[in-house]
Amino acid sequence: MESIQVSLQGESSQALPKGITAKAALEKLKGAVPPEVFAVKANGVEIDLLAPLEIDATLQPLGFDSPEGKEIYRHSSTHIMAQAVKECFPSAQLTIGPAIEEGFFYDFAFERPFTPDDLEKIEARAFEIINRNLSVSRREFSKAEAIEFFKNRGEFYKVELIQGFPDGEPVSAYTQGDFVDLCRGPHLPATGYVKAFKLLNSAGAYWRGDERNPMLQRLYGTSFPSKEALQAYLDNLEEIKRRDHRKLGKDLDLFSIQDETGPGLILWHPKGAQIRLLIENFWREQHLANQYELVYSPHVARLDLWKTSGHVDFYKENMYAPMPVESSEYQLKPMNCPFHIMVYKSHLRSYRDLPIRYGELGTVYRYERSGVLHGLMRVRGFTQDDAHLFCRPDQLGEEVQKVLKFITGMLGTFGFTEFKMFLSTRPEKAVGTIDQWDQATLALETALKSGGYTYQEDPGEGVFYGPKIDVKIQDALGRSWQCSTVQVDFNNPERFGLTYVGDDGKTHQPIMIHRALLGSIERFFGILLEHFGGAFPAWLAPVQVTILPISEKHQGYAQEVEKSLRQEGCRVALDLRNEKIGLKIREAEKAKIPFMIVVGDREAEAKMVAVRQRNGKNLGTMPIIDLVTLIREDMPEAVRKGSLLFE
RNA sequence: GCUGGCGUAGCUCAAUCGGUAGAGCAGCGGUUUUGUAAACCGCAGGUCGGAGGUUCAAUUCCUCUCGCCAGCUCCA
């Protein structure tokens with residue numbers, strides 16, 4: 001019999017008969033295969049546990065603990081859900097059903113939306129299918145056979161999918177019981193491998209994501225190798241709900257969005273405004289310290305400006321309609337860039353002047369379709385922490401590098417230390433020469449590499465005017481958010497005819513960099529709010545200390561304490577209500593005020609304060625100045641110093 | 001914008017299978033003078049998101065509209 005060489009990663013190989021299943025090979029190499037292993041990577045390709053090995057192979061067992069294994073597990077789970085749907089509702093047609101980050105979904109063509117009752121039925125049936133422990137097997141068709149097969153089964157969406165496949169390549173399908181689905185695989189060996197399964201919700205989705213196509217019924221679910229892991233996931237969902245910035249914003253009285261003002265437009269209440277002010281002050285200090293110049297620009301401008309910038313052509317759907325003013329038209333600004341460009345243009349510039357860095361907390365208005373608005377995260381009026389850098393081509397790399405340091409420094413100050421960087425390259429529809437793109441992309445790449453950042457490439461995801469780097473941060477619940485962006489632009493300098501005089505006495509075109517560190521203040525505030533669950537660190541808390549007198553006779557001393565703290569620059573509240581101390585503490589806790597001071601006879605006599613933290617920890621009695629020190633020590637270095645060079 | 005769900009007091013939520021709504025908290029008045037997560041009593045508070053229709057009668061049924069929520073799509 002023919003034999004092949006098979007090995008586990010990093011171990012010596014054994015000769016095994018050709019055609020042996022991956023599972024049998026693993027048994028020969030390593031002994032019995034535990035149920036946690038349900039698929040294999042052979043020479044880097046994921047295959048079924050029962051797939052035959054035809055060539056020499058290095059094997060790597062896959063379980064739920066690997067990203068590939070997790071995807072296989074979820075993918076098989078979605079097949080189980082699909083089988084359950086077909087058994088409950090035979091007229092539903094299969095479309096697609098991939099694994100996603102936290103679980104899986106499957107889209108069905110069905111005559112009506114699934115009701116909560118339907119979901120229960122489907123879930124119950126899915127459990128049954130898991131208990132049947134159906135073995136899952138793979139078969140291959142030619143393209144024509146596959147089309148015929150799925151046509152006979154009445155799965156016309158599948159037929160459409162297969163018709164889009166390349167000719168001449170085999171088409172695979174997986175069978176479990178009576179259920180057959182078109183699928184690349186691999187899959188779990190049997191349905192019983194799924195230990196914890198849950199249907200989460202249903203929603204509409206368009207066939208192939210295009211709103212002109214029919215609406216399908218999408219079912220979301222998730223699965224885990226243990227009940228405990230599923231429960232932990234569900235608990236996390238609860239925690240996310242508890243931390244929802246819309247709920248916290250209301251509970252803590254930070255902001256509101258009201259019908260009468262209009263959707264997507266934020267009203268900042270005093271406490272929210274206080275936090276925002278702290279963020280903005282810090283932002284301005286840092287920009288001045290890092291050699292940015294701050295500018296201000298108007299909220300409307302002549303429509304002609306937006307024609308020059310290209311926004312009227314490329315950004316129209318997100319812009320509000322222009323308004324007539326005297327004999328010309330004006331446009332509410334969707335971006336800040338043209339204004340900064342006009343500031344640059346107000347002088348003749350020398351190569352010695354560059355780089356020039358203009359920064360502004362610039363409020364812009366963008367029309368967003370009503371269905372996409374979401375609390376502070378997606379709004380119609382927002383403030384970008386915008387800056388535009390104008391530099392010579394030879395300065396591009398260094399400038400980008402500085403921006404990246406500024407990003408990590410700034411976000412780090414707010415407690416975000418996990419960064420993921422993405423380099424987006426030339427999209428199909430783009431302006432500028434290939435040479436310009438190559439040069440700019442190289443500059444971004446070099447900046448990433450020399451900064452020691454790991455990054456991922458997003459080919460074709462750049463903006464039409466230049467490549468960009470996006471930075472995503474990770475919050476306390478492990479979710480990632482894109483805040484910062486650095487975009488190279490050779491389009492606008494061209495459109496606006498920007499120049500500088502070089503050392504050769506000739507005019508040259510500067511390169512522009514658009515960048516934001518926080519993205520938008522609204523959105524960043526929402527992210528911060530959820531990250532801290534509303535319990536802002538003392539340096540950001542709208543009220544840092546609240547003073548709680550035991551009874552009316554301690555009001556005098558409480559007011560003295562208030563005055564001292566205020567003089568030290570602390571943000572203080574004083575609760576003079578005729579209420580018991582327990583109630584005052586309860587409410588201070590709910591308001592998530594970092595420090596509470598209880599003052600009664602003992603404190604008044606000793607001229608001290610009894611300090612309690614919002615986590616319930618009692619810090620005991622101390623002089624007022626010690627509390628001031630505690631609050632100051634909580635400040636990040638950059639905030640305490642007023643400025644820090646992120647270089 | 002599309003699909004589905006939902007709009008009742010400042011907030012969180014009840015109720016009415018068509019006969020104009022109720023609780024807790026918050027607010028106001030009073031009693032209490034209080035030691036680390038809710039003292040007690042009382043009062044007031046709503047054109048039941050808005051407009052139209054059906055009906056003797058609409059918060060309830062129908063139509064339209066505005067907004068919110070989930071998802072699609074898009075994005076700071």
Asks: If a pair means Watson-Crick or G-U wobble with both distances below 3.5 Å, what does RNA chain B look like in dot-bracket form, with | marking bases paired to a different strand?
Replies: (((((((..((((.....[..)))).(((((.......))))).....(((((..]....))))))))))))....

Asks: Has A:Phe382 got its ring stacked on B:A76, by the test of a centre gap below 5.5 Å and a plane angle below 30°?
Replies: yes

Asks: In whole Å, what is the span from the CG atom of A:Asp259 to the P atom of B:U65?
Replies: 16 Å

Asks: Just the rounded figure in Å: distance from C1' of B:A76 to CG of A:Leu373.
Replies: 13 Å

Asks: Could you check which of B:C74, B:G67, B:U33 has an atom nearest any side-chain atom of A:Ser551?
Replies: B:U33

Asks: For nucleotides B:A44 and B:G22, find the distance between their P atoms and express it as a whole number of Å.
Replies: 13 Å

Asks: How many whole angstroms separate atom CD of A:Glu579 from atom C1' of B:A26?
Replies: 12 Å

Asks: Does A:Glu368 make a side-chain donor-acceptor contact with the base of B:G1, cut-off 3.5 Å?
Replies: no

Asks: Side chain of A:Ile581, heavy atoms from C-beta onward: which of B:G35, B:G67, B:A76 has the nearest atom to it?
Replies: B:G35

Asks: For the P atoms, the ones on B:U54 and on B:C62, what distance do you get once it is rounded to whole angstrom?
Replies: 16 Å

Asks: For A:Gly582, which contact category applies under a 4.0 Å heavy-atom criterion: base, sugar-phosphate, or nothing?
Replies: sugar-phosphate

Asks: By the ring-ring contact (aromatic ring centres under 6.0 Å, His included) test, which pairs, at least two apart or in different chains, include something from residues 248-276 of chain A?
Replies: A:Trp268-A:Phe525

Asks: Nearest 0.5 angstrom please: A:Ile257 CD1 to A:Arg380 CZ, how far?
Replies: 11.0 Å

Asks: Looking only at atom C1', what distance separates B:U33 and B:A14, rounded to whole Å?
Replies: 37 Å

Asks: Of the candidate nucleotides B:C72, B:A39, B:A76, which contains the atom at the shortest distance from the side chain of A:Arg218?
Replies: B:C72

Asks: Need one value for A:Gln258: base, sugar-phosphate or nothing, where a base atom within 4.0 Å counts as base even if backbone is also close, heavy atoms only.
Replies: nothing

Asks: In whole Å, I'd like the distance from the CG atom of A:Leu219 to the P atom of B:U3.
Replies: 19 Å

Asks: Out of B:G71, B:A37, B:C72, which has the shortest distance to the side chain of A:Ile585?
Replies: B:A37

Asks: Whole angstrom is fine here: how far is it from CG in A:Leu583 over to C1' in B:A39?
Replies: 9 Å

Asks: Does A:Tyr220 have a side-chain nitrogen or oxygen under 4.0 Å from the phosphate oxygens OP1 or OP2 of B:C72?
Replies: yes

Asks: Of A:Phe406, A:Tyr358, A:Trp283, which is the lone residue that meets ring-ring contact (aromatic ring centres under 6.0 Å, His included) with A:Tyr292?
Replies: A:Phe406

Asks: Taking the side chain as everything from C-beta on, heavy atoms only, tell me whether A:Met512 gets closer than 4.5 Å to A:Ile341.
Replies: yes

Asks: Both A:Ser520 and A:Arg602 contact RNA chain B. Which one's nearest nucleotide lies toward the 5' end?
Replies: A:Arg602

Asks: Does the separation of the ring centres of A:Phe416 and A:His531 fall below 6.0 angstrom?
Replies: yes

Asks: Given the P atoms of B:A58 and B:G49, what is the spacing between them in whole Å?
Replies: 15 Å

Asks: State whether the distance check finds a donor on one side and an acceptor on the other, under 3.5 Å, for side chain A:Arg369 versus base B:C2.
Replies: no

Asks: May I ask you to verify if any side-chain N or O of A:His374 is less than 4.0 angstrom from the OP1 or OP2 atom of B:C74?
Replies: no

Asks: Taking for each residue the nucleotide of RNA chain B with the nearest heavy atom, is it A:Arg366 or A:Glu552 whose nucleotide lies nearer the 5' end?
Replies: A:Glu552

Asks: Which part of the nucleic acid, if any, lies within reach of A:Ala610 when heavy atoms closer than 4.0 Å are counted: base, sugar-phosphate only, or nothing?
Replies: base

Asks: Rounded to whole angstroms, how far apart are CZ on A:Arg586 and C1' on B:A39?
Replies: 14 Å

Asks: According to a strict under-4.0 Å criterion, is A:Lys250 in side-chain N/O contact with OP1 or OP2 of B:U12?
Replies: yes

Asks: What is the separation between atom CG on A:Asp601 and atom P on B:U33, rounded to the nearest whole Å?
Replies: 14 Å

Asks: Measuring only the P atom in each nucleotide, how far is B:C69 from B:U8? A whole number of Å is fine.
Replies: 14 Å

Asks: Under 4.0 Å between any heavy atoms, over every strand shown, what does A:Val379 touch: base, sugar-phosphate, or nothing? Just pick one.
Replies: base

Asks: Going by modelled atom types, is there a donor-acceptor pair between the base of B:A76 and the side chain of A:Arg523 at under 3.5 Å?
Replies: no

Asks: Are the side chain of A:Asn491 and the backbone of A:Val431 linked by a donor-acceptor contact shorter than 3.5 Å?
Replies: no

Asks: Kindly say whether A:Glu102 contributes a backbone atom to a donor-acceptor pair with the side chain of A:Thr222 at under 3.5 angstrom?
Replies: yes

Asks: Measure from the side-chain heavy atoms of A:Glu587 and tell me the nearest of B:A26, B:A37, B:A76.
Replies: B:A26

Asks: Would you mind classifying the nucleic acid contact of A:Arg612 as base, sugar-phosphate or nothing, using non-hydrogen atoms under 4.0 angstrom?
Replies: base

Asks: With rounding to the closest Å, how many angstrom separate the C1' atoms on B:G7 and B:C11?
Replies: 15 Å

Asks: If the plane angle is over 60° it's perpendicular, under 30° parallel, otherwise tilted; pick one for A:His75 and A:His79.
Replies: perpendicular

Asks: Between atom NZ in A:Lys553 and atom C1' in B:G35, what is the gap in whole Å?
Replies: 11 Å

Asks: Which value, in whole Å, describes the distance between the P atoms of nucleotides B:C25 and B:G42?
Replies: 12 Å

Asks: Establish, with yes or no, whether the OP1 or OP2 oxygen of B:C69 is under 4.0 angstrom from a side-chain nitrogen or oxygen of A:Arg246.
Replies: yes

Asks: Expressed as a whole number of Å, how far does the P atom of B:A21 sit from that of B:C28?
Replies: 27 Å

Asks: With A:Glu530 as reference, evaluate A:Arg479, A:Arg242, A:Arg243 under the side-chain hydrogen bond (donor to acceptor under 3.5 Å, both in side chains) test and give the passing residue.
Replies: A:Arg479

Asks: Quick one, A:Val545 and A:Val561 - any side-chain contact, counting heavy atoms below 4.5 Å?
Replies: no

Asks: Of the nucleotides B:C68, B:A37, B:C72, which one has an atom closest to the side chain of A:Lys590?
Replies: B:A37

